[in-house]
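What follows is a short report on a single structure.
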Amino acid sequence: LLKEAMSDNLLRRYDLLVLDECHERTLATEIIFGFLKEILQNKRKDLKVVVMSATIDINKFVEYFNNAPVLE
């Protein structure tokens, strides 16, 4: 995804992104989350992002992504 973002900073080829195992945070995932937050807030209101994890701290991600809806 990072490589895709370097060639298309709006990820125009995608309507939906699914990010699984998000509790396994690395430098790459932190960059992706920051990048996606900026895209979602300012440029791509149509892009849908699904963040998944069995052990995720839901409240942190909901807050980070501006009160995103939660499905359980």
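In what follows, every heavy atom counts, from backbone to side chain, and hydrogens, waters and symmetry copies are set aside.
- The CD atom of Glu38 lies 10.0 Å from the CG atom of Leu10; values are rounded to the nearest 0.5 Å.
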- Message: The test is side-chain contact (heavy atoms from CB on, under 4.5 Å); show your working for Leu19 and Phe33 and say whether it passes.
- Response: CA-CA 10 Å; Leu19 306 172; Phe33 288 139; 3.8 Å; yes

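- Of the inter-residue distances, the one linking Met6 atom CE with Phe35 atom CZ reads 10.0 Å to the nearest 0.5 angstrom.
- Distance check, rounded to the nearest 0.5 Å: CG of Leu1 to CG of Leu17 gives 5.5 Å.
- For Leu16, the side chain to side chain contact (heavy atoms under 4.5 Å, CB included) partners are Val18, Lys48, Val50, not counting sequence neighbours.
- Atom-to-atom distance recorded for Ile56:CD1 and Arg25:CZ is 8.5 Å, nearest 0.5 angstrom.
- Here the shortest heavy-atom pairing between Asp20 and Ser53 reads OD1-N, 4.2 Å.
- Looking at heavy atoms from C-beta onward, Arg44 lies in side-chain contact with Asp15 at the 4.5 angstrom threshold.
- Summarising the geometry of Ala28 relative to Leu2, their closest heavy-atom pair is CB-CD1, 3.8 Å, with the distance given to 0.1 Å.
- The hydrophobic clustering, which links ILVMFWY residues whose side-chain heavy atoms are closer than 4.5 Å, places Met52 and Ile32 apart.
- Separating the CG atom in Asp8 from the CZ atom in Arg13 is a distance of 8.5 Å, to the nearest 0.5 Å.
- The number of heavy-atom neighbours closer than 6.0 Å to CD of Glu63, taken from other residues, nucleotides and ligands shown, is 12 or below.
- When atom types are taken as modelled, the side chain of Lys37 and the backbone of Tyr64 share a donor-acceptor pair closer than 3.5 angstrom.
- Considering CG of Asn42 and CG of Leu40, their distance stands at 9.5 Å, rounded to 0.5 Å.
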